[in-house]
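Notes for the one structure printed next.
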Number of protein chains: 2
Amino acid sequence: MTSDSTSLPRTYSISELARMFEVTPRTIRFYEQEGLLEPQRRGQMRIYLDKDRVRLKLTLRGKRLGFSLAEIREVIELYDALPDGNARQLQRLLELLAEKRANLQRQEEDIRLMRKELDDVEGRCREALEALPENSED
Amino acid sequence: MTSDSTSLPRTYSISELARMFEVTPRTIRFYEQEGLLEPQRRGQMRIYLDKDRVRLKLTLRGKRLGFSLAEIREVIELYDALPDGNARQLQRLLELLAEKRANLQRQEEDIRLMRKELDDVEGRCREALEALPENSED
DNA sequence: CTCGGCGTTGACGTTAACGTAAATCACCGA
DNA sequence: TCGGTGATTTACGTTAACGTCAACGCCGAG
């Protein structure tokens with residue numbers, strides 16, 4: 001058994017988390033500085049919980065989708081104040097969510113169009129390869 | 001009639017093109033400097049053809065999908081050398097296309113997951129709104 | 001002729017998102 | 001006790017993708 005009693009919560013060190021997501025510790029500290037993470041401390045070491053791991057995952061996903069850290073932070077902040085936020089905050093959060101949805105939709109359209117382009121280019125490319133004379137393997 | 005004889009090709013000024021895509025002239029010049037556009041010149045003025053317009057459109061779409069200008073340029077360069085490129089170039093182009101496709105696929109997955117997150121957050125948000133006491137609309 | 005408007009070329013400034021390096025701390029095992 | 005291993009803070013550096021500004025050219029209307 002690795003743990004008995006009330007199953008102490010799983011924690012992560014900064015480099016552990018860094019390896020999990022293939023980023024550097026620097027990146028993780030930077031995200032904290034930008035208000036995206038709020039790890040515990042033991043002495044002066046940072047202790048990350050699953051909550052932080054999830055946040056980091058969401059942050060990185062947001063980044064891959066082209067959102068800025070500031071955008072992501074705003075969502076996270078509003079989300080954190082969730083069950084007890086005031087009406088204005090909640091309304092703002094709904095606005096943000098709608099914005100993000102619109103973004104995603106435009107991206108999907110862009111992906112569709114980009115795929116068509118890629119198909120086209122690949123087609124021409126293969127034609128060009130066919131037309132190459134020096135194709136006597138050996 | 002605005003044009004007779006062999007229907008002269010439609011051209012664009014830099015600010016015209018800029019308006020079409022809601023970017024600044026500076027951006028367009030910058031893209032040229034980075035090898036993404038190659039407009040004609042009349043004196044020292046830049047003259048853009050439909051080919052350039054299409055390139056710009058593709059470039060901006062690529063950007064929205066998170067590609068760097070350098071990545072986009074490499075594709076464009078190889079595409080330009082297309083019908084007569086050597087085998088190594090063509091092979092490289094196919095590699096690039098496959099990379100981009102992989103990117104698009106990961107993005108689609110990210111979009112799917114992000115949508116789920118948004119749905120979840122929106123759900124909680126609406127619950128919180130319901131639970132607000134001060135909702136006696138005057 | 002000259003004036004306003006658009007275009008051009010430098011050149012330096014700016015922002016986001018980290019990278020990198022130096023100095024310091026803390027614990028752990030030989 | 002010492003030396004390595006990993007963590008922390010502070011601070012300056014870097015890259016991509018433009019923004020901004022100055023100085024100049026060209027040209028058509030008045």
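Hydrogens, waters and symmetry mates are skipped; everything else that's a heavy atom, side chains included, is used. Naming: A, B, ... by sequence-line order, numbering from 1 per chain.
The nearest whole Å value for the distance from the CZ atom in A/Arg46 to the C1' atom in C/dA26 is 15 Å. One interatomic measurement links the two molecules: CZ of B/Arg26 to P of D/dA22, which rounds to 16 Å at whole-angstrom precision. Nucleotide C/dA26 holds its C1' atom 16 Å from the CD1 atom of A/Ile14, rounded to whole Å. Here D/dT10 presents its P atom at 12 Å from CZ of A/Arg29, a figure rounded to the nearest Å. As a whole-Å value, the separation of A/Leu37 CG from D/dT8 P is 13 Å. Between the P atom of C/dC6 and the CG atom of B/Leu17 lies a distance of 16 Å, rounded to the nearest Å. Protein atom CD of A/Gln44 is 9 Å distant from nucleotide atom C1' of C/dT24, rounded to whole Å. Rounded to whole Å, atom P of D/dA7 lies 13 Å from atom CZ of A/Arg41.
Distances shown here put a side-chain N or O of B/Thr24 below 4.0 Å from the OP1 or OP2 atom of D/dG19. Between C/dA17 and A/Thr27, no contact under 4.0 Å exists linking OP1 or OP2 to a side-chain N or O. Contact between the side-chain N/O atoms of B/Tyr31 and the OP1/OP2 oxygens of D/dA17 is not found at any separation under 4.0 Å. The side chain of A/Lys63 places no N or O atom within less than 4.0 Å of a non-bridging phosphate oxygen (OP1 or OP2) of C/dA16.
The side chain of B/Ser15 has C/dG7 as its nearest neighbour among D/dA17, D/dA7, C/dG7. Side chain of A/Ser13, nearest nucleotide from C/dG7, D/dC18, D/dA7: D/dA7.
Around the CD atom of A/Glu16, the shell of radius 6.0 Å holds more than 12 heavy atoms that belong to other residues, nucleotides or ligands. More than 12 heavy-atom neighbours from other residues, nucleotides or ligands sit within 6.0 angstrom of CD on B/Glu95. Annotation for B/Arg41: atom CZ counts as buried by contact number, over 12 foreign heavy atoms lying within 6.0 Å.
At least one donor-acceptor pair under 3.5 Å links the side chain of B/Glu71 to the backbone N or O of B/Ser68.
Side-chain atoms of B/Tyr31 and B/Arg55, non-hydrogen and from C-beta on, never get closer than 4.5 Å to each other.
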